[in-house]
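First comes the structure, then the notes that go with it.
Below, chains carry the letters A, B, ... as their sequence lines are ordered, and counting in each starts from 1.
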Amino acid sequence: MFRTVTCGELRIADVNKSVTLAGWVQKIRKMGGMTFVDLRDRYGITQLVFSEDTNAELCAKANELGREFVIQVKGVVSERSNPNKNIPTGDVEILANELNVLNKSLTPPFTIEDNTDGGDDLRMVYRYLDLRRTAVRKNLELRHKMTMEVRRYLDSKGFLEVETPMLIGSTPEGARDFVVPSRMNPGQFYALPQSPQTLKQLLMVSGFDRYFQIVKCFRDEDLRADRQPEFTQIDCEMSFVEQEDIINLFEGMAKHLFKELRGVEFKEDFKRMTWHDAMKYYGSDKPDLRFGMRFVELMDTLKGYGFSVFDNATYIGGICAKGAATYTRKQLDALTEYVKRPQIGAKGMVYARVEADGTVKSSVDKFYSQDTLQALKAKMEAEPGDLILILSGDDTQKTQKQLCELRLKMGEDLGLRDKNVFAPLWVIDFPMFEWSDEEQRLMAMHHPFTHPKDEDIPLLDTDPAAVRADAYDMVINGVEVGGGSIRIHDPKLQAKMFEILGFTPEKAQEQFGFLMNAFKYGAPPHGGLAYGLDRWVSLFAGLDSIRDCIAFPKNNSGRDVMLDAPAPLDQKQLDELQLDVKAKQ
RNA sequence: GGUGUGGUAGUUCAGCUGGUUAGAAUGCCGCCCUGUCACGGCGGAGGUCGUGGGUUCGAGCCCCAUCCACACCGCCA
């Protein structure tokens, strides 16, 4: 045994015990005749004391230690004369009588502390050192706890965890696949799953009526702070259920997780909002409901008064920022610049302040009488001290998206996006399809197996773009933490979907024949959902990036800077795979 | 594919209108210090200013190209 106790467990009650500890040297404080060493492992920090009076030779040895040396210490637990209230072990220290250096260490390139001096880049290169830091380790501990609670909850509800293969076939639709060449089948490729979607549906056909899996998924698309090329889903599917059953069960799971991991109890049902309302009032299919500032449509109020920008607009919308009338001209100009950035793309912004006396002062005063501005105030339900911000444009959806960005920015600036406040909701009734300019055809908004709303099925023939789906997303604080749908289990309806999506019957058979054939053998009605584990954990941990809750994440361009992957292959490997690599342009 | 921000000591950053020997903090090394816990004191070492080119009497600073990182747009059923 290298140790009898960890560095986080000794207390005042342990005084006079002889113990052996092992861990990393966090810090050495030399005081002349005595030396203090902070010994760290993942459980905590324990102070070791070496004194010239007691053992000069041992004290000299301790003075030779460096940061991150791995050592083993034997000694006696003793009460401190000066306790440290900041750490749980602060009442005791170890009077060392034996010191073994198990391994030396180079000086690490950054400090292993909560407030490290290391930048993101460097910490990723030395991720194994970064993971020694409490702040990062806590995130992985939370992740562990979360997967344990998920398994506990779903097991209690009768779900079976079933593994599905990582090497599967490429499917059209959706994201770009990561592919793996097959040596035994030259010129052919596996694809890594974007999700186990079709496999879990096959499990439903097999009669596993409650399935789940905590599983890696792979999508070869450009990355963001909340997107990794490989990420983890809590993937679930159920048979003999309707949308309501799924929503209830997984809302229950969300509540369970909030309670167990954050101590937050939701007594009420989560809000539900149709996709249509989410777009209308928030300009987003994942609205952040931690604050108000709902959009108010102002076409009737402001159009037709000679202000050509509004007169020519097909959409005019405003938000009311409570108490923000104190914004200076400089701040308003900065906001205007913000929405005019190419990423947002607004042409400009109109603002109106409600003064203390109730009058409205706007940036377009010369076009509008005070009466009209008072009508604006009434429509916006604005009060003295409020600031009204207005965007307009000739593309309703685009303008609403811009207004959404402005709303989020104002929410941020006014401190309304508190990380310790959670506002969950279900967004329901998604459109079945969306038009793709690139492909010049309708694409499935969720995926091609999504069941249309029964009452909209007739529209499949007449107006497919108007069809709504039995699809639902769970959104918390403006983050899509999960989503799912009722699936089609009728092969005829599925064939019709493929037809609308532009598949010939032959192509559909080639790509999805396995699924459609399976459905011929008695597919139960089924549906499911997948939660994004990484997003949940980062939400619970209050992180800005999901990278911080992944042990070994990839950077912005999909590289693992620690392993230096991806990398070229040896010619020998390429030959085996019968692959030719084009020279880089 | 696009937009923006950044790249200076081991690390995090400052560096003015282009002008002497490029600074601070922290880390590291040495000496001192017997109750520290962000210990303290004194001293020291440490630089391809991302890379390549250009403008200039003179470039960390200006221009062009390029690489890398981060954020975002497109993209991500």
Side-chain angles (χ1 to χ4, degrees), chain A residues 26-39 45-54 56 59 63 66-68 78-87 89-90 93 106-126 129 171-177 194-195 197-198 217-229 231 337-338 340-345 398 401-402 405 408 430-434 436-439 442-450 469 471 473 480 483-485 497 501 530 532 544-545 547 555-557 559 561:
Chain A
Q26 174 74 27
K27 191 102 191 173
I28 304 170
R29 289 178 295 276
K30 299 174 189 173
M31 309 304 300
M34 67 193 309
T35 294
F36 299 98
V37 175
D38 286 343
L39 190 67
I45 283 179
T46 297
Q47 176 167 283
L48 315 174
V49 198
F50 299 86
S51 170
E52 269 179 8
D53 292 348
T54 331
C59 190
N63 284 335
R67 278 166 57 206
E68 301 305 313
S78 140
E79 183 175 1
R80 290 200 201 184
S81 52
N82 291 332
N84 181 353
K85 292 187 189 74
N86 298 320
I87 57 174
T89 62
E93 60 193 358
L106 295 174
T107 302
F110 51 86
T111 55
I112 312 294
E113 285 161 20
D114 283 0
N115 287 313
T116 180
D117 62 1
D120 291 351
D121 193 13
L122 195 71
R123 293 195 291 116
M124 287 307 160
V125 176
Y126 298 93
L129 298 181
T171 51
E173 300 282 297
R176 205 174 284 122
D177 287 316
Q194 295 172 28
S195 82
Q197 181 59 42
T198 51
C217 302
F218 305 85
R219 293 177 192 177
D220 186 10
E221 296 292 344
D222 285 1
L223 306 178
R224 292 284 189 282
D226 63 348
R227 279 179 0 209
Q228 283 275 300
F231 59 98
E337 284 311 305
Y338 179 80
K340 282 168 80 176
R341 280 163 53 227
Q343 276 86 344
I344 296 180
K398 227 180 229 175
K401 261 186 153 178
Q402 293 163 354
E405 294 297 332
L408 292 176
F430 276 77
M432 191 75 215
F433 307 102
E434 62 188 336
S436 164
D437 282 334
E438 197 184 331
E439 303 260 336
L442 289 174
M443 308 265 287
M445 196 161 182
H446 187 56
H447 58 52
F449 319 109
T450 305
D473 278 359
E480 182 200 325
S485 61
M497 289 301 302
L501 292 169
D544 294 319
S545 169
R547 280 167 221 175
N555 76 5
N556 226 6
S557 30
R559 296 202 67 84
V561 292

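Separating the C1' atom of B:rG50 from that of B:rA25 is a span of 23 Å, rounded to the nearest Å. Taking atom P on both B:rU5 and B:rA65, the two are 15 Å apart, rounded to the nearest angstrom. The same atom, C1', is picked in B:rG54 and in B:rC13; the two are 29 Å apart, to the nearest Å. Using C1' as the reference atom, B:rA71 and B:rU26 are 27 Å apart when rounded to the nearest Å. Rounded to whole Å, the separation between the C1' atoms of B:rG30 and B:rC49 comes to 29 Å. Going from the P atom of B:rC61 to that of B:rA9 covers 15 Å, rounded to whole Å. Look at the C1' atom in both B:rC67 and B:rG74: the space between them is 23 Å, to the nearest Å. The separation of B:rG23 from B:rG47, taken at their C1' atoms, amounts to 12 Å, rounded to a whole angstrom.
Going from atom CE of A:Met445 over to atom P of B:rC76 covers 11 Å, rounded to whole Å. Summarising the geometry, the separation between OH on A:Tyr338 and P on B:rU3 is reported as 19 Å, rounded to the nearest angstrom. Between the P atom of B:rU11 and the CZ atom of A:Arg67 lies a distance of 13 Å, rounded to the nearest Å. A:Arg123 places its CZ atom 10 Å from the P atom of B:rU12, with the value rounded to the nearest Å. Between the P atom of B:rU11 and the CG atom of A:Leu106 lies a distance of 14 Å, rounded to the nearest Å. Taking atom CD of residue A:Glu480 and atom C1' of nucleotide B:rC76, one finds them 10 Å apart after rounding to whole Å. As rounded to whole Å, 13 Å separates atom C1' of B:rG10 from atom CD1 of A:Ile112. In this entry the distance linking CG of A:Asn115 with C1' of B:rG27 reads 15 Å, nearest Å.
Residue contacts for A:Gln197: at a heavy-atom cut-off of 4.0 Å it reaches a base atom on one of the strands shown. Contacts of A:Pro448 with the nucleic acid, taken as non-hydrogen atoms under 4.0 Å apart, include base atoms.
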Task: Verdict with supporting geometry, A:His447 and A:Glu173, side-chain contact (heavy atoms from CB on, under 4.5 Å) - done: CA-CA 8 Å; A:His447 58 52; A:Glu173 300 282 297; over 6 Å; no
- [ ] Quick one: do A:Met31 and A:Phe36 satisfy side-chain contact (heavy atoms from CB on, under 4.5 Å)? Show the steps, please.
- [x] CA-CA 8 Å; A:Met31 309 304 300; A:Phe36 299 98; 3.6 Å; yes
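Remark: the backbone N or O of A:Gln194 is paired with a side-chain donor or acceptor of A:Arg219 at under 3.5 angstrom. Between the A:Asp117 side chain and the A:Thr111 main chain, a donor and an acceptor come within less than 3.5 Å of each other. In terms of modelled atom types and a separation under 3.5 Å, the side chain of A:Arg227 and the main chain of A:Asp222 share a donor-acceptor contact. A donor-acceptor pair is defined here as one N or O able to donate and one able to accept, closer than 3.5 Å; no such pair exists between the side chain of A:Ser557 and the backbone of A:Arg559.
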- [ ] If a protein heavy atom is under 4.0 Å from the base, mark B; if only from the sugar-phosphate, S; if neither, -; do that for nucleotides 34-43 of chain B going 5' to 3'.
- [x] BBBBSB----
TODO: Using a 4.0 Å heavy-atom cut-off, write out nucleotides 68-75 of chain B from 5' to 3' as B (base contacted by protein), S (sugar-phosphate only) or - (no contact).
DONE: -SBBBBBB
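Within a 6.0 Å radius of CD in A:Glu79, other residues, nucleotides and ligands contribute 12 heavy atoms or fewer. Counting non-hydrogen atoms of other residues, nucleotides and ligands closer than 6.0 Å to OH of A:Tyr338 gives a total above 12.
Ranked by how close their nearest RNA chain B nucleotide is to the 5' end, A:Pro109 and A:Met443 are led by A:Pro109.
Closest heavy-atom contact between A:Arg123 and A:Phe110: CA-CE2, 3.9 Å. Contact between A:Thr450 and A:Ala469 at its shortest, heavy atoms only, is CG2-CB, 3.7 Å.
In this structure, A:Ser545 has no side-chain hydrogen bond (donor to acceptor under 3.5 Å, both in side chains) partners at least two apart in sequence or on a different chain. With sequence neighbours left out, A:Gln47 forms a side-chain hydrogen bond (donor to acceptor under 3.5 Å, both in side chains) with A:Arg29, A:Glu93. Annotation: side-chain contact (heavy atoms from CB on, under 4.5 Å) contacts of A:Asn63 (sequence neighbours excluded): A:Lys30, A:Thr35, A:Cys59.
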Task: Watson-Crick and G-U pairing of RNA chain B, under 3.5 Å, as dot-bracket with | and [ ] - done: (((((((..((((.....[...)))).(((((.......))))).....(((((..]....))))))))))))....
